[in-house]
Number of protein chains: 2
Amino acid sequence: MTDLNKQDVYPSMKISNDRGSEKIEPVKLGQRLKEIRKSFGLTLEEASKKTGLARSTLSKIENEQISPTFQAMQKLTNGLQIDLPQLFAPPKQVSATGRRDITRNNEGKAHPTSTYEHELLATQLTNKKMMPFKSRIRARDFADYSDWIRHAGDEFLLVLSGEITFFSEFYEPVTLNEGDSVYYDANMGHMLISSSEEDALILWVTAS
Amino acid sequence: MTDLNKQDVYPSMKISNDRGSEKIEPVKLGQRLKEIRKSFGLTLEEASKKTGLARSTLSKIENEQISPTFQAMQKLTNGLQIDLPQLFAPPKQVSATGRRDITRNNEGKAHPTSTYEHELLATQLTNKKMMPFKSRIRARDFADYSDWIRHAGDEFLLVLSGEITFFSEFYEPVTLNEGDSVYYDANMGHMLISSSEEDALILWVTAS
DNA sequence: AGAAAAAGTTTCCTTTTGGAAACTTTTGGT
DNA sequence: ACCAAAAGTTTCCAAAAGGAAACTTTTTCT
């Protein structure tokens, strides 16, 4: 195999930035950590017990007097049960106004097709991590589809009413009734049909 | 005021750490870093110039002889133009068989509290991009909470039955009935109560 | 308000990291 | 194979992090 490297595959990852050490963006780790600890209602002492780091060390980290080692950070994330991404997470400014979008029943953005009738919810917000839909499933037959549906990301689906049969690439078809749900990798080929008399109503959410 | 903290009212925070790491995960940072550097076709010397870290230091980090400080890691990520998530959670295994998890009605993992009764869905899968819950809302009063609920990520909520009042930090309370949904930034303080006689049932999904 | 307890910060000292240079291993050319 | 250059590792020391305990501030009693 040729020595294909990331630069070939992912042009976006350009390393052309030749400036040795650019200005180090001051990710406010300490501040962030303090927020998290407080949000759990923990004192330094308690956090100390959970993480195995000294009270004093935690204090210094929170006040940005020291730069914790990776080891220390692992103790932090393990002890407090948080993810690293969460810690480094974007400057995360709580927007002054907050993001919120309410969609009333049947007032989403409709996308009807012969097999589905999708209603996109929360259309007012941009940069969402998830895309929620409510759909009416018209398809009654496997043959209503030309091929597996397949796309990036995770998908979660809950049956609101009716009965569907969920087909997927590596599994036997399965019947889902009201209240049943399925979570799957959308890269795996999938499709679904309504398997009762009526159309089925489902809620589904994607995230990538 | 009672010492009610987030963990009490919001047990999901505990389990939302779904990265499959209950115990001390030995993230092979050094190994991973070496992979990345090689994939860019960089020598230690070049990486050193880009990151501002000494050749020797890089070597020691890669061979896991030392645990880099947060500062050092920032230099790494800045200099090499990679982001932290990449460093920590890259194994990125696309399972050959496909990931899928079905949760039957009322068969999720329950987490009852006085105000909520959460049922975590899709408990079999790890590394999910979303965390789906079905919940029964018992709270009838604003005062059932000690403070706003606030955590990282986006949240989507759909009312399955009953009627809820959704309180959030920067908005007036709003009443949601069956079929209504709301999408919001979970960093924004929020909480909700059942505003009809019966308990309300909701579906909600978080993603961060 | 004052005392006691709890929470948080700073000091002091030990352990560990980070960097320059010496040293070893690998690669490339002849 | 040999030698030279490049790449990588280790040594040694200065600089910084981590922990125990002293100290200060804040909270919670009476």
Side-chain angles (χ1 to χ4, degrees), chain A residues 2-3 5-7 15 18-80 84 87-88, chain B residues 1-7 24 26-80 84 87-88 146-147:
Chain A
T2 172
D3 199 355
N5 70 29
K6 283 276 166 46
Q7 292 177 76
I15 55 169
D18 209 24
R19 276 166 295 179
S21 47
E22 199 161 342
K23 200 164 297 176
I24 294 154
E25 63 184 277
V27 174
K28 293 276 185 56
L29 178 71
Q31 192 177 294
R32 177 90 189 100
L33 178 63
K34 188 176 251 171
E35 278 172 30
I36 292 174
R37 176 174 62 81
K38 298 258 179 181
S39 82
F40 278 108
L42 296 174
T43 65
L44 284 178
E45 181 58 34
E46 293 165 325
S48 170
K49 283 213 184 73
K50 280 186 188 296
T51 59
L53 289 167
R55 200 164 79 251
S56 55
T57 303
L58 291 174
S59 170
K60 282 182 272 190
I61 293 172
E62 289 190 351
N63 293 303
E64 266 139 43
Q65 292 174 14
I66 63 174
S67 170
T69 59
F70 180 66
Q71 265 188 359
M73 295 207 302
Q74 280 195 313
K75 289 185 185 172
L76 276 175
T77 53
N78 279 302
L80 300 181
L84 275 161
L87 258 183
F88 295 107
Chain B
M1 161 95 61
T2 171
D3 198 0
L4 195 65
N5 70 29
K6 281 282 160 47
Q7 292 178 75
I24 317 247
V27 175
K28 293 276 185 56
L29 179 71
Q31 192 177 295
R32 177 75 193 127
L33 179 63
K34 187 177 250 170
E35 279 171 30
I36 291 175
R37 177 175 61 81
K38 298 258 182 185
S39 82
F40 280 110
L42 296 174
T43 65
L44 283 178
E45 181 58 34
E46 292 166 325
S48 170
K49 282 211 185 77
K50 282 187 186 296
T51 58
L53 289 167
R55 197 162 82 251
S56 57
T57 303
L58 291 173
S59 169
K60 283 182 273 191
I61 294 173
E62 289 190 351
N63 293 303
E64 266 141 43
Q65 292 174 14
I66 64 174
S67 169
T69 58
F70 179 67
Q71 266 187 359
M73 296 208 304
Q74 285 197 102
K75 288 185 185 175
L76 276 175
T77 54
N78 278 303
L80 300 181
L84 281 153
L87 259 181
F88 299 110
S146 56
D147 197 2

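Below, chains carry the letters A, B, ... as their sequence lines are ordered, and counting in each starts from 1. What you see is a predicted model; the values in this text were computed from it and never measured.
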Below 3.5 Å is the cut-off: list the nitrogen or oxygen pairs between protein and nucleotides 14-17 of chain C, distance only.
{"residue": "C:dT17", "atom": "OP1", "partner": "B:S67", "partner atom": "N", "Å": "2.9"}

Derivation of the side chain to side chain contact (heavy atoms under 4.5 Å, CB included) call for A:L76 and A:L58 = CA-CA 9 Å; A:L76 276 175; A:L58 291 174; 3.7 Å; yes

message = So for the helix from C:dA1-D:dT30 to C:dT30-D:dA1, with five pairs setting each end axis, what is the inter-axis angle to 10°?
response = 40°

Starting at [atom1] of [X], measure out to [atom2] of [Y] and round the result to the nearest 0.5 Å.
X	Y	atom1	atom2	answer
A:F70	A:T77	CZ	OG1	7.5 Å
A:K38	A:L33	NZ	CG	11.5 Å
B:L53	B:M73	CG	CE	11.0 Å

message = Whole angstroms only, please: what is the CZ-P distance between A:R55 and C:dA5?
response = 16 Å

5'-most by nearest nucleotide on DNA chain D - A:A54 or B:L44 = B:L44

Treating [X] as the side-chain partner and [Y] as the backbone partner, does any N or O pair qualify as donor plus acceptor under 3.5 Å?
X	Y	result
A:T51	A:A47	yes
B:E46	B:T43	yes
B:S67	A:T69	no

Under 4.0 angstrom, heavy atoms only, what part of the nucleic acid is [X] near: base, sugar-phosphate, or nothing?
X	value
A:L58	nothing
B:S59	base
B:T57	base

ask   = Mind checking which nucleotides bracket the chain A contacts on DNA chain D, 5' to 3', with an atom under 4.0 Å from a heavy atom?
value = D:dA17 to D:dA22

message = Taking the basic N atoms (NZ, or NE/NH1/NH2) and the acidic carboxylate oxygens, is any pair closer than 4.0 Å for A:K49 and A:E45?
response = yes

ask   = Taking NZ, NE, NH1 and NH2 as the nitrogens, is one of them in B:E62 or B:R37 under 4.0 Å from a carboxylate oxygen of the other?
value = yes

inquiry  = Is there, by distance only and without an angle test, a donor paired with an acceptor across the side chain of B:K60 and the base of C:dG19 below 3.5 Å?
reply    = yes

request  = Step by step, work out the side chain to side chain contact (heavy atoms under 4.5 Å, CB included) result for A:K34 and A:I61.
outcome  = CA-CA 9 Å; A:K34 188 176 251 171; A:I61 293 172; over 6 Å; no

ask   = Closest heavy-atom contact between B:P68 and B:I66?
value = CD-O, 3.7 Å

